[in-house]
Amino acid sequence: MRFPRFLIAVLLGSFVLLLAACSGQGQQGGKGGATESPSSRVPSPGAKSGVFAGEELVPPVPAPPFDLTDHKGRRTKLSDYKGRYVLLTFAYTACPDICPRLARSFKEVEKAFEKDVDRRISFVIISVDPEGDTTEKARRWTEAFGGSWRYLVGSRFELEKVWDAYGILVQKASDGSIGHAVKTYLIDPNGLVRLRYMGVGWERAAISDLNKIMGEK
Amino acid sequence: MQRYARRIPVVMAVAVVTALVLAAGCQKESGGPRPPSSDVTAPTPRDEATSGEPADGPNRQQGGIEVLEPWSKFTGTMLGAYMKIVNHGQEPDAVIGVRAPSLGKASLHRSTMEGDMAKMQPVDRIELPAGATIELKEGGYHVMVEVPQDRHFKAGDAWELILVLQRGGEIGVEVPVKEVGGGEMEQSHGERMKSQGH
């Protein structure tokens, strides 16, 4: 009688182990937040508040600073945007599908707040490809899209700190593979991260949220 | 005791099979690149984006391989090209290289979305099974061409792409530029990527 019981225990044990391995692997693929490094200073928002279409950070956290060069060679710091809302996302110019889609969303929001662009709201893209994205490429890319954003580039050393702080996992392999977390943040005029949008296709959510949030006193 | 002892091999076998099945389940959930079969399709109703375009040109066929509905997007630094490739033949073939003679470096890539990670990786070849239609599309395979700094494209322009086939021969394709800078929201690839999930 002892033997089978032992066997059953082994079986159950391996089941539990396998299941644990399974769920671990699943998370690596990345549900929201799973791709954040421990050094991220922008935590994953909890459940949606019901007030906004985006994921709300409660309480809001100070947006991690950056000091980089834009597509026209201008030094650009987060603090330059004090008093304005900022939509901030991460992209690279050799990105075929997702990044053009993010740029397109930026353009849609720009269109909705035309009179306020660079007065009450600004758009910022930060490169996830320091080796590929030169100032010149960032400029050509921005001009092709006709965007009002500043496309910020920098050295790997400069950029890595910013990705980490914003919880943007970036993977680059020697075979030319590149991967990056697709997250967009809304920063308020006091420099606080208020909302997060995951993936693409959030332009309507952002427009509706901005209408609400810009009405705040 | 004897009875149980005899059952041990059976129990072990069940355990091994279960473990294998579970492990296979694991691999599926780990979010690796989707198998190429997801890009192999029988003819399906088309997006409005590509229907209505002329089906084929003079140079789009070679040895039973046919290219349909090529189009591209220009992002200021790159051209991304998409198309359907039909293997009408009885033998499998593969695209093993691409060239864009008047432009810059051309390469085959595959995009995937894994959780919130957007990934792009170079691929050596795209298999063309006999009788299959392979689709190079947003969120999947594409041809990427580096565009020289002094070259600009607008919608309606076209450029020449050459596909190199494993079984010999090359196909020249005139690829029209359909989108400059992200295109229109109606054809948003976000929605298309989502719908490709299953």
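Each chain gets a letter, A, B and so on, in the order the sequences are listed, and its residues count up from 1.
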For a side chain to side chain contact (heavy atoms under 4.5 Å, CB included) check, start with the C-alpha distance between B:K119 and A:Q171, then their side-chain angles and the critical distance, and finish with the verdict. CA-CA 9 Å; B:K119 296 193 175 179; A:Q171 297 169 335; 3.3 Å; yes
Are there residues of residues 122-132 of chain A whose heavy atoms fall under 4.5 Å of chain B's heavy atoms? If so, which? none
Answer yes or no: is there a side-chain heavy-atom contact under 4.5 Å between A:D97 and B:M120? no
Pair A:K183, B:D116 - check side chain to side chain contact (heavy atoms under 4.5 Å, CB included), show working. CA-CA 8 Å; A:K183 302 177 187 177; B:D116 58 16; 3.7 Å; yes
At under 4.5 Å between heavy atoms, what parts of residues 146-156 of chain A are in contact with chain B? List them by residue number. none
Correct closest heavy-atom pair for B:H142 and A:P96 would be CE1-CG, 3.2 Å
If you compare all heavy atoms of A:W141 against all heavy atoms of B:T75, which two are closest, and at what distance to 0.1 Å? CD1-O, 3.1 Å
For residues B:M113 and A:I98, report the shortest heavy-atom separation together with the two atoms involved. SD-CD1, 3.8 Å
Considering only heavy atoms and a distance below 4.5 Å, find which of A:A103, A:A94, A:G199 pairs most often with chain B. A:A94
Of all heavy-atom pairs linking B:Q121 and A:S177, the shortest is CB-OG, 3.2 Å
In short, A:A144 meets B:V180 closest at the heavy-atom pair O-CG1, 3.8 Å
Salt bridge (Lys or Arg N to Asp or Glu O under 4.0 Å) contacts in which one or both residues fall within residues 97-108 of chain B, not counting sequence neighbours: B:R99-B:E170
Using non-hydrogen atoms only, which part of B:Q149 is less than 4.5 Å away from chain A: side chain, backbone, both, or neither? both
Side chain, backbone, both or neither: which part of B:M78 has a heavy atom under 4.5 Å from chain A? side chain
Going through the distances and angles, do B:T77 and A:Y92 end up as a side chain to side chain contact (heavy atoms under 4.5 Å, CB included)? CA-CA 11 Å; B:T77 58; A:Y92 63 108; over 6 Å; no
Supply the atom-to-atom distance A:F145 CZ to B:E179 CD, rounded to the nearest 0.5 angstrom. 9.0 Å
Contacts under 3.5 angstrom, residues 160-169 of chain B side chains, donor-acceptor by atom type, not counting sequence neighbours:
residue, atom, partner, partner atom, Å
B:Q166, OE1, B:R125, NH2, 2.9

Counting only heavy atoms not in A:R74, do more than 12 sit closer than 6.0 Å to its CZ atom? yes
From CD1 (A:I178) to CE (B:M117), nearest 0.5 Å: 9.5 Å
